[in-house]
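Here the structure is a predicted model, which is why all the values come from computation and not from measurement.
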Amino acid sequence: MRTDAVRGHLDGLLLAVLEPGPLHGYAIIAAVQQRSGGALELRTGTIYPALQRLERLGLLKSSWDAVGERRRRCYELTEAGRRSLAHERNAWREFTTAIGSVLNPATPSTGLTT
Amino acid sequence: MSTGAGMETSIGAAASGKRRPAAPPDPIDAYVAALAESLQGPSRAKSRLVAEIRDGLDDTVSAHTRAGVPYERAAEMAVRDFGSPDHLAPTFQHELTIAQARHTARAAALTVPLAVACWLLIWTASHDSASWQLPRTTSLLTVHLVAVAAVASVLAAVTLAATGRLARWLPTPHRLPLAVAWTGTAASIAMAVAALVLVTLSVVVTNWPLAVAAGALAAASHAVVASSARTCRQCARLPVN
């Protein structure tokens, strides 16, 4: 499953993997891949503009951190980011419940009666 | 990526006087350069984005080389994983265009009211002084310049709000960067005219140091806003996703 399949959910995925603590760009991609058991594969280039957009919206904050001899931009959730993540989770639960009840109805539909 | 081995090869070739065919450019360097060339925006935001892209590519290469892939192959794979510059540039440009619109809006918001304050200072001084008065045409020009500056300031405030936290709930208007670019251009022209008038005025008024100082401030405002508005116009012309 590539980026196209997760379009519309990218913000939620990024916020979710940053919930435990700050990460840099590549670690975020690796975390999404690891959490999804390898099913979700984000294209590296797509996440940097998304991270900058989330920072502009005040959902993330970032800083340059020294990792070994290199400096990397690390992102972390703000309070607004945590609230937004909670909202994303609720919306996702409602969505999957609604879709699930259509795909797997408790009582199989018998069709329209005339 | 230059290596110690690469440097030795070059030095050895130079010492022997033989011209060897140039080494192919590093795929990562070439990719970053191609992407950076196609992007426009505030220099700080652009250099930060390019640095992050470079970091991301280097991290991907490191992950592949740790898995035993040779560097050249790892670099090619990293570039392929990243996506083609043509495909990604509009996505990157979207954020840079908004960053530039915010930059121009801030420039207008900070410099235009400052210049207007100078104008009002001059106007007040002319009313307080019995020795000199502003010509009527200059007074009218002042009113028009203040109007341009007021419009620029209002649009700047709207832009900063619409592209900031408000954008969590409301979509950013597609044509906002273009509107900011042209309003900034109008404001910069107004500041240039203001500077010219103030400097001209300084020749005929007794309080000339004040007029010169205000003129210099208006000229500085013009330079800041004009430069930012020009880049904003360039950004607004580029395709975005």
(request) Sort out for me which of Leu35(B), Thr163(B), Ile53(B) touches chain A most, counting heavy-atom pairs under 4.5 Å. (result) Thr163(B)

(request) Give a yes or no on whether a salt bridge exists between Arg35(A) and Glu19(A), defined as a side-chain N under 4.0 angstrom from a carboxylate O. (result) no

(request) Tell me, please, which residues at least two apart from Gln100(B) pass side chain to side chain donor-acceptor pair (under 3.5 Å). (result) Thr104(B), Ser228(B)

(request) Please look at Ile98(B) and chain A and tell me whether the side chain, the backbone, both or neither of the residue comes under 4.5 angstrom of a heavy atom of that chain. (result) side chain

(request) Quick one: closest heavy-atom pair of Ala31(A) and Leu23(A), and the distance? (result) CB-CD1, 4.3 Å

(message) Is Leu49(B) close to chain A through its backbone or its side chain, or both, or neither, when contacts mean heavy atoms under 4.5 Å?
(response) both

(request) Over 60° means perpendicular and under 30° means parallel, so classify the ring planes of Trp92(A) and His9(A), tilted if in between. (result) perpendicular

(message) Please classify the contact between Glu52(B) and chain A as side chain, backbone, both or neither, with a heavy-atom cut-off of under 4.5 Å.
(response) both

